[in-house]
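Notes for the one structure printed next.
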Amino acid sequence: MTEDKQDLVVIKNLKKYFPIKTGFLKKTYVQAVENVSFTIKKGETFGLVGESGCGKTTLGRSIIRLYEPTSGKVFYDGEPVYDDEEKKQPDMLYYRRKMQIIFQDPSASLDPRMTVADIIGEAIDIHKLAQNKQERFEKIIALLDKVGLNSEHANRYPHEFSGGQQQRIGIARALAVEPEFIVCDEPISALDVSIQSQIVNMLEDMQADIGLTYLFIAHDLSVVRHISNRIGVMYLGNLVEVGESNEIYKNPLHPYSKTLLSAVPVPDPKVSRARQRIILQGEIPSPISPPPGCRFHTRCPYAKPICKEAPPKFKELEPNHYAACHLFSN
Ligand SMILES: Nc1ncnc2c1ncn2[C@@H]1O[C@H](COP(=O)(O)OP(=O)(O)OP(=O)(O)O)[C@@H](O)[C@H]1O
Ligand SMILES: [Mg+2]
């Protein structure tokens with residue numbers, strides 16, 4: 001299904017460490033994203049899942065350089081957006097237009113002192129997308145219309161809206177610059193269950209309409225399964241598995257992916273009874289001092305001596321299905 005699609009975003013050995021102070025003049029690092037490599041294909045939805053704190057937001061923001069990566073490479077349509085070996089800086093204004101983000105918490109991501117028209121208009125102004133005030137206004141109204149709001153909403157402030165409407169404003173702001181690629185960072189997890197599907201449907205319609213590419217971040221697999229072409233699973237800053245959605249669902253390879261899947265509710269009671277829920281031992285280790293070797297070894301039911309020593313390589317184990325696990329090395 002996705003094999004013939006072209007790569008749009010190529011991520012190579014991406015790393016993001018946050019410096020933190022641990023005492024007077026003492027500094028250490030949160031190793032939030034460690035050596036992550038994968039590609040996102042043109043027009044696809046790539047679902048990114050993993051427990052809270054595993055680095056999904058950090059990875060999403062580092063890809064679009066909302067966070068400055070620590071090292072590695074990110075290519076967009078073949079051109080470098082970030083390259084730790086290249087001194088020349090890319091034209092970030094250009095990429096800020098191509099790549100957008102929709103945030104998890106819509107209320108926190110909208111400036112409370114700005115009207116809806118100004119929030120959307122700001123992006124139009126930065127990228128000089130309107131010749132005059134009239135055109136700017138018309139664009140704002142068209143964007144509001146696209147996300148199911150209308151001209152009466154333009155002069156209101158974010159606090160006057162419900163969570164779902166605020167997320168629609170956030171989506172209109174992202175769309176204002178006519179992007180090609182959008183990082184959707186848990187765009188529905190802060191919303192009422194009753195309106196979550198409305199927002200997901202809208203994102204899907206927009207994708208069908210203008211051929212957008214999504215990196216769709218979520219906590220659990222049940223949210224991303226239906227909307228993603230492919231899925232990536234993260235654990236403690238590492239990408240541990242990538243494959244086609246159905247393949248990840250039917251045939252997860254990495255022990256951590258199996259655990260995540262075992263926690264997804266299944267509608268069929270027979271299947272549900274047959275599927276054993278795997279409960280992991282112990283706590284997630286700290287990303288300040290992650291375990292050596294495979295970061296998952298302290299909780300993995302299948303850990304071998306090698307797992308404590310060497311980080312496993314990310315390998316294509318089956319066609320278009322990648323995992324990083326010593327169980328599969330010969
Ligand atoms: N600005 C920062 N400074 C220091 N540490 C940070 C910063 N942002 C994130 N972290 C740490 O990096 C790790 C990854 O955080 P991140 O927010 O990317 O995880 P996440 O997978 O998006 O979690 P969630 O599902 O809760 O949104 C966490 O340990 C977090 O505490
Ligand atoms: Mg997050």
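Predicted model only: the values in this text are computed from it and were never measured. Residue indices begin at 1 and follow the sequence shown.
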- Residue set satisfying side-chain hydrogen bond (donor to acceptor under 3.5 Å, both in side chains) with D145, at least two apart, ordered chain then number -> none

- Item | R230 and its side-chain hydrogen bond (donor to acceptor under 3.5 Å, both in side chains) partner, picked from E244, E44, H321 | E44

- Item | Salt-bridge criterion met for D77 and K98 (N-O under 4.0 Å) | no

- Message: Please enumerate all residues that pass ring-ring contact (aromatic ring centres under 6.0 Å, His included) together with F296, with sequence neighbours excluded.
- Response: Y235, H254, Y256

- Task: Give a yes-or-no answer on whether the side chains of N155 and T115 include a donor-acceptor pair shorter than 3.5 Å.
- Result: no

- Tell me, please, which residues at least two apart from R97 pass salt bridge (charged side-chain N to carboxylate O under 4.0 Å, His left out). E178

- Can a donor-acceptor pair be found between the side chains of R295 and Q31 at a distance below 3.5 Å? yes

- Measure the CG-SG distance between L215 and C184 for me, rounded to the nearest 0.5 Å. 8.0 Å

- Item | Side-chain ion pair, E85 and K73, N-O less than 4.0 Å | yes

- Salt-bridge test for D118 and R113: reply yes if a basic N is under 4.0 Å from a carboxylate O, no otherwise. no

- Item | V240 backbone acceptor or donor facing N238 side chain under 3.5 Å | no

- Message: Applying side chain to side chain donor-acceptor pair (under 3.5 Å) to E34 and Y17, what does each step give before you reach the verdict?
- Response: CA-CA 8 Å; E34 179 72 26; Y17 287 6; 2.5 Å; yes

- Message: Could you report the tightest heavy-atom contact between P158 and Q166, atom names first, then the distance?
- Response: O-NE2, 3.0 Å

- Note on the structure: Minimal heavy-atom distance between R173 and I119, with the atoms involved, is CD-CG2, 3.8 Å

- Message: Holding to side-chain hydrogen bond (donor to acceptor under 3.5 Å, both in side chains), I want the full list of residues that pass it with T45, two or more places apart in sequence or in another chain.
- Response: Q207

- Query: Can a donor-acceptor pair be found between the side chains of S107 and D105 at a distance below 3.5 Å?
  - Reply: yes

- Using the test salt bridge (charged side-chain N to carboxylate O under 4.0 Å, His left out), find all partners of K146 that sit at least two apart in sequence or belong to another chain. none

- Query: Where is the tightest heavy-atom contact between Y82 and S71, given as atom of each residue plus distance?
  - Reply: OH-CA, 3.6 Å

- If you take all heavy atoms of P291 and C294, which pair is closest and at what distance? CB-O, 4.5 Å

- Task: Return the set of residues passing side-chain contact (heavy atoms from CB on, under 4.5 Å) with S151 (not counting sequence neighbours), or none when no residue passes.
- Result: I141

- Task: State the CG-CD distance between L191 and Q104, to the nearest 0.5 angstrom.
- Result: 10.0 Å

- Item | Test item: S245 side-chain N/O and S228 main-chain N/O as donor-acceptor pair under 3.5 Å | yes

- Message: Determine whether a donor-acceptor pair (N or O, by modelled atom type, separation under 3.5 Å) exists between the side chain of E79 and the backbone of F75.
- Response: no

- Reference residue I64; test side-chain contact (heavy atoms from CB on, under 4.5 Å); the match among V74, I101, I182: I101

- Distance-only, no hydrogens or angles: does the E180 side chain make a donor-acceptor pair with backbone N or O of G211 under 3.5 Å? no

- Task: Would you please name every residue forming a side-chain hydrogen bond (donor to acceptor under 3.5 Å, both in side chains) with T259, sequence neighbours left out?
- Result: none

- Query: Which residues pass the ring-ring contact (aromatic ring centres under 6.0 Å, His included) test with F38, sequence neighbours left out?
  - Reply: F46

- Task: Say whether, by atom type as modelled, one donor and one acceptor occur between the side chain of H153 and the main chain of N150 under 3.5 angstrom.
- Result: yes

- Query: Which value, rounded to the nearest 0.5 Å, describes the distance between K16 atom NZ and S62 atom OG?
  - Reply: 6.0 Å

- Task: Please identify each residue that fulfils side-chain contact (heavy atoms from CB on, under 4.5 Å) with K308, with sequence neighbours left out.
- Result: H297

- E68: partners by salt bridge (charged side-chain N to carboxylate O under 4.0 Å, His left out), with sequence neighbours left out: R65

- Query: Do the side-chain N and O atoms of N251 and E318 include a donor-acceptor pair separated by under 3.5 angstrom?
  - Reply: yes

- Can you measure from CG (L110) to OH (Y157) and round to the nearest 0.5 angstrom? 13.5 Å

- Are the side chain of R61 and the backbone N or O of L66 linked by a donor-acceptor pair below 3.5 Å? no

- ring-ring contact (aromatic ring centres under 6.0 Å, His included): pairs with one or both residues in residues 173-229, sequence neighbours excluded: none

- Just by modelled atom types, is the L149 backbone N or O under 3.5 Å from a matching donor or acceptor in the Q165 side chain? no

- Message: Please enumerate all residues that pass salt bridge (charged side-chain N to carboxylate O under 4.0 Å, His left out) together with D192, with sequence neighbours excluded.
- Response: none

